[in-house]
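Some notes on the structure that comes next.
Every value quoted in this text rests on a predicted model; they were computed, and no experiment measured them.
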Amino acid sequence: MLDIRRIREEPDAVKAALATVGVEPAEIDTLLALDAERRAAIHELETRKAERGAASRAIGALKDAAERERAIATTRGAGDAIAAAEERVAALEARFEARMLEIPNLPHPDVPVGADERDNVVVRTVGTPPVFAFTPRPHWELGETLGILDFERGAKVSGSRFYLMRGVGAALQRALINWMLDLHVREHGYSEVYPPAMVRRECLVGTGNLPKFGDNLYRDAEDDVWFVPTAEVPVTNMYRDEIFAAGVLPVRHVAYTPCFRREKMSAGRDVRGIKRGHQFDKVEMVKFVEPAASDGELLRLLDDAEDVCRRLQIPHRVVQMCTGDLSFVAAMKYDVELWAPGCGEWLEVSSCSNFRDFQARRTNIRYRPAPRAKPELVHTLNGSGLALPRVVIAVLETYQEADGSVRIPAVLQPYMGGRAVIEKSSGEKERRS
RNA sequence: GGAGAGGUGGCCGAGUGGUCGAAGGCGCACGCCUGCUAAGCGUGUGUAGGGGUAACACUCUACCGAGGGUUCGAAUCCCUCCCUCUCCGCCA
């Protein structure tokens, strides 16, 4: 959510900035008109309440019963005007709030202006794609041959876009989770959190998934609890309505959760393999920082994500999103993409964003700049570190051998009981007849 | 799921219809005192939104888990919901 005061004070600058992310200037004019109407209504209501308050206090001081009765009788009508004013305020507040929640974040001034993903900027490419003496195979072939990915049974059990991981494949994923968590905790200064994977509605409003993007989410209708699309949601909302004491920021958390996404918008896209499922695992980094630190923290966050790629020794590149391709909540965003030689594409494995005070305003997360200073909104940031299935894809396709076996990256071997290779029949043992 | 008890300021805790944003205590901040430490004394100590000011001052409104209701007036009375705790049941 944007600061309404800022919109009031510099409407032209806000309109210009929002135009680059596709918001019509007229929308801001509508909002400002609504804001003026709302404030006038609030003023009216408060005036009425002040009058009634004074009258009521006077009644309290009256000793004479008859006088008292007379005063009560004359004040009796005041409630009607207040009720009418209250109704008006509530209606205007609701409309105002609804609009505010649907306005995207302002892009950071340093973000390149552009219309869509074609204007994104490749910031750097690290490492060289491996050269194979044979045609590298895509992970769905490798996975099925090795018996570690089972698409047929995944669909049987849960439907399309679900799969099973088996044997050493399942162990590989588990090793990645543990290794990445340890890396971020031990080397990058994060503290680990294991949050709920189901949250209340207001958490999703807080991070910006609602009200606009509800059709990408699963929920339990009976209790109105929602399955998280990312650990960002519970971890950010941990501190909802809280004020960090002076000196405790930055707070950096890393969390592993399963993530659930309906993927309605991507119907028909990426249907092969494990690139895009309704359920996937992810290790997520979330930061709460002082505003002056957030630009630098974004670069550190990005480097922490890239470090995972470097240590896996898989080539990656960093892409900066242009204004037109920023997410609803992000002021600045970098994607980290791993090279997958089998399917021949760069896979988005992390998205590192600085939200500045946008989520903090929605979740009411603040800090005190100094011990007795007024609370101010924190800046929040987050980034994947990394998204699991796509890392598994990159590992399988990068480390494959001509015979279809796959070597295990050195950093993961200690997490897999010293195993160095995934061979055929590492997963499925039993055969149907 | 059943029965019961609760949710008040950073914390503890009073407050059952009237000037209560809320006693008292702790904590904290500043000042005084003190040869050091401790103790002591004094003052102050919420958030948000309006009005007001050059800026202060000042002032209004809201907030005692949340939302409704009763009333001239609600932390206090009524209703609904949420959360916590205890016991029982059930389970991992």
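Picking from B:U61, B:C72, B:U47 the nucleotide with the shortest atom distance to the side chain of A:Arg52 gives B:C72. Set against B:G73, B:U47, B:U19, the side chain of A:Ser56 has B:G73 as its closest nucleotide. Of the listed nucleotides (B:A62, B:C82, B:U47), B:C82 has the atom at the smallest distance from the side chain of A:Arg200. Closest contact between the side chain of A:Arg8 and the listed nucleotides B:U47, B:G50, B:A62 involves B:G50. Counting only heavy atoms from C-beta on, A:Lys374 has its side chain closest to B:A48 among B:U19, B:G18, B:A48. Comparing B:C72, B:G18, B:A62 by their nearest atom to the side chain of A:Ile72 picks out B:C72. For A:Arg5, counting side-chain heavy atoms from C-beta on, the closest listed nucleotide (B:G50, B:G49, B:C72) is B:G49. Of the candidates B:G50, B:A48, B:C72, B:C72 carries the atom nearest the A:Ile59 side chain, counting heavy atoms from C-beta on.
Here B:A92 sits opposite no nucleotide as a Watson-Crick or G-U wobble pair (both hydrogen-bonding atom distances under 3.5 Å). In this structure, B:U37 makes no Watson-Crick or G-U wobble pair, since no nucleotide meets both defining distances under 3.5 angstrom. The pairing partner recorded for B:C30 is B:G42, the criterion being a Watson-Crick or G-U wobble arrangement whose two distances lie under 3.5 angstrom. Pairing of B:A75, defined by two Watson-Crick or G-U wobble distances under 3.5 Å, is not identified with any nucleotide. B:G4 is paired with B:C85 under the Watson-Crick or G-U wobble criterion, all donor-acceptor distances under 3.5 Å. In a base pair of the Watson-Crick type (N1 to N3 plus N6-O4 or O6-N4) or a G-U wobble (N1-O2 and O6-N3), with each distance short of 3.5 Å, B:A66 is matched with B:U80. The partner of B:A14 is absent, by the rule that a Watson-Crick or G-U pair needs both atom distances under 3.5 Å. Base pairing of B:A48: its partner is B:U61, meeting the Watson-Crick or G-U wobble criterion (both donor-acceptor distances under 3.5 Å).
At whole-Å resolution of the value, CD in A:Glu376 and C1' in B:A48 are 15 Å apart. Put simply, CD on A:Glu51 is 17 Å from P on B:C72, counting in whole angstrom units. Rounded to an integer number of Å, the gap from A:Asp241 CG to B:G10 P is 12 Å. In this structure, CG of A:Asp224 is placed 16 Å from P of B:C81, rounded to the nearest angstrom. One can place CD of A:Glu86 at 11 Å from P of B:U70, the figure rounded to the nearest angstrom. What separates CD of A:Glu202 from C1' of B:C81 is a distance of 13 Å, to the nearest Å. The separation between A:Glu222 atom CD and B:G1 atom C1' is 13 Å, rounded to whole Å. Rounding to whole angstrom units, CZ of residue A:Arg48 and P of B:C60 are separated by 17 Å.
Enclosure of atom NE2 in A:His43 is not indicated, since only 12 or fewer non-hydrogen atoms of other residues, nucleotides or ligands lie within 6.0 angstrom. The neighbour count for A:Tyr194 OH, taken as heavy atoms of other residues, nucleotides or ligands under 6.0 Å away, does not exceed 12. No more than 12 heavy atoms of other residues, nucleotides or ligands lie within 6.0 Å of CD in A:Glu24, so this atom counts as exposed by the packing criterion. Taking a 6.0 Å sphere around CD of A:Glu87, one finds it holds 12 or fewer heavy atoms contributed by other residues, nucleotides or ligands.
B:C77 sits 33 Å from B:C26 when the C1' atoms are compared, rounded to a whole Å. Rounded to whole Å, the separation between the C1' atoms of B:G73 and B:A62 comes to 16 Å. Comparing the same atom, C1', in B:G44 and in B:G9 gives a spacing of 15 Å after rounding to whole Å. One C1' atom belongs to B:U37, the other to B:G46, and the distance between them is 34 Å to the nearest Å. Going from the C1' atom of B:C20 to that of B:C41 covers 29 Å, rounded to whole Å. Going from the P atom of B:U8 to that of B:U76 covers 14 Å, rounded to whole Å. B:A5 and B:C30 are spaced 46 Å apart, taking the P atom of each and rounding to whole Å. For the C1' atom pair drawn from B:C64 and B:G13, the interatomic distance equals 13 Å after rounding to whole Å.
Checked by atom type, the side-chain pair A:Gln359/A:Thr380 shows a donor-acceptor distance below 3.5 Å. A donor atom on one side chain and an acceptor atom on the other are found under 3.5 Å apart for A:His188 and A:Asp307.
Residue order along RNA chain B, read from the 5' end via each residue's closest nucleotide, puts A:Ile243 first among A:Ile243 and A:Ala55. Where A:Ala373 and A:Ala78 meet RNA chain B, the nucleotide closest to each residue was compared, and A:Ala373 sits on the side nearer the 5' end.
Side-chain atoms of A:Arg68 come within donor-acceptor range of the base of B:G18, with a qualifying N/O pair under 3.5 Å. No hydrogens or angles were tested; on distance alone, a donor-acceptor pair under 3.5 Å links the side chain of A:Glu46 to the base of B:G49.
Looking at heavy atoms from C-beta onward, A:Pro234 lies out of side-chain contact with A:Val193 at the 4.5 angstrom threshold. With a 4.5 Å cut-off on side-chain heavy atoms, A:Arg356 and A:Asp295 count as touching.
Contacts of A:Arg368 with the nucleic acid, taken as non-hydrogen atoms under 4.0 Å apart, involve only primed sugar atoms and P, OP1 or OP2. At a threshold of 4.0 angstrom between heavy atoms, the contacts of A:Ala245 with the nucleic acid are absent.
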